[in-house]
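Input: a single structure, listed below in structure tokens.
Note that the coordinates shown come from a computational prediction; the quantities given were computed from them, not determined experimentally. Labels below follow one simple rule: chain letters A, B, ... track the order of the sequence lines, proteins then strands, and each chain is numbered from 1.
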There are 2 protein chains.
Amino acid sequence: MSHHTWNYQDALRRDGYRVTRQRELIMDVICDSPTRLSARQLCESVRERAPGVNDATVYRNLHFLSERGLIRPHEHDGHAFYELAGPLEPHHHLTCRGCGIEIEAPHDVTHAFYALLEERFGFCVTSDHLSLQGWCAACRASGGT
Amino acid sequence: MSHHTWNYQDALRRDGYRVTRQRELIMDVICDSPTRLSARQLCESVRERAPGVNDATVYRNLHFLSERGLIRPHEHDGHAFYELAGPLEPHHHLTCRGCGIEIEAPHDVTHAFYALLEERFGFCVTSDHLSLQGWCAACRASGGT
DNA sequence: ATAGCTGCAAAGTGTTTGCATTTTG
DNA sequence: CAAAATGCAAACACTTTGCAGCTAT
């Protein structure tokens, strides 16, 4: 899924918001990155492409775009990391400690687990995102620690 | 489990570290709290009991005590929250959005879930702590949203 | 006596806010 | 043209650091 095949611009304009160079840059950077990026990293990446852009603008737009549902923040390591929301299914992230790859697991992998928590603790989970650390198959095969 | 039944003091002295009033205060506050506390909250609670204690000292000791394995930090909401480590089993936290209660789920509740992730994605989870939001049985019974 | 620890003040991050100016629709 | 968004600088909250003096052992 790319934001190029997704007309988020008109969606914004329709609601009276504006499509600025800065907003497009942020969407571009998020879309081009293979992994989720923190606000800080986004400030940097955006500035690489367009030196004039201010951090405050990036922060403001990350909130704005999240509120509008165009991107999605995930808490991790004490920071918010952003990814395109678009028509993507909600999902979980499995991050490899070896190579850093991020595997996306569909939301339904947690069904049985959440059912168990409900059964054993009467607790009904509402968290819609999990971020787990571990080792991917490739790293384990190649003798990762 | 209480730190009063646990002689962490001698463990420290044995290794050449000192048992100070500040360190004991921090351990007391952590132990007395029904929920995990953030560094910030700990600074405040400690200061309530002993007005002179400096934030820097609290921060330094939270790192120190974590390194020594006396307390355990858990990331949550962009901050570290601390709880007694001691001889406790590793476990997961289920936090109720309604009443804020924290249910501790033993580590083994994730066995089947982690096995599924390994089977489907070849991914071997190493994260040893999960923090999930949701609704507890009591809140759901009393018509929590 | 002497590491080890504390308090203080200053600096460092990462993020937010107010306001004058610019830009988009 | 008017509303919306930006840049800038200052404020913010939280955390870390250097150093002189204090204190547990």
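By the side-chain contact (heavy atoms from CB on, under 4.5 Å) test, B:T110 is found to be paired with A:F113, B:H92, B:H107, B:Y114, B:L130, residues two or more places apart in sequence or in another chain being considered. Qualifying side-chain contact (heavy atoms from CB on, under 4.5 Å) partners for A:C43, counting only residues two or more places apart in sequence or in other chains: A:R40, A:R47, A:D55, A:V58, A:Y59.
Cation-pi contact between A:R68 and A:Y17: absent, since separation from the ring centre below 6.0 Å together with deviation from the ring axis within 45° is not met.
Rounded to whole Å, the distance from CD on A:E75 to P on C:dT15 is 13 Å.
The phosphate of C:dT15 has OP1 or OP2 within less than 4.0 Å of a side-chain N or O from A:H79.
Here the shortest heavy-atom pairing between A:F123 and B:Q133 reads CZ-C, 3.8 Å. For the pair B:M27 and B:W6, the tightest heavy-atom approach, listed with the atom from each and the gap, is CE-CZ3, 4.0 Å. Minimum heavy-atom separation, A:W135 to A:C96: CA-SG, 4.0 Å. Here the closest non-hydrogen pair linking B:E102 and B:P34 is OE1-O, 4.5 Å.
Inter-residue side-chain proximity for B:N54 and B:Q22 is flagged as unmet; no heavy-atom pair is nearer than 4.5 Å. The closest side-chain heavy-atom distance from A:S33 to A:S45 is not below 4.5 Å.
Remark: side-chain polar atoms of A:E75 are paired, donor with acceptor, to backbone N or O of B:D77 under 3.5 angstrom. Checking side-chain atoms of A:R23 against main-chain N and O of A:L65 turns up no donor-acceptor pair under 3.5 Å.
Reading DNA chain D from its 5' end, the first and the last nucleotide to sit under 4.0 Å from a heavy atom of chain B are D:dC14 to D:dT25.
Bending across the helix from C:dA1-D:dT25 to C:dG25-D:dC1, expressed as the angle between its end axes from five pairs apiece, amounts to 30° (10° rounding).
Between B:H74 and B:H129, the two ring planes are parallel [angle under 30°; tilted spans 30° to 60°].
Of the residues in residues 36-48 of chain B, those with a non-hydrogen atom less than 4.0 angstrom from any atom of DNA chain D are B:A39, B:R40.
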B/S/- contact track for nucleotides 2-12 of chain C, protein heavy atom under 4.0 Å: -BBSBBB----

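In this structure, a donor-acceptor pair under 3.5 Å is absent between the side chains of B:Q41 and B:H79.
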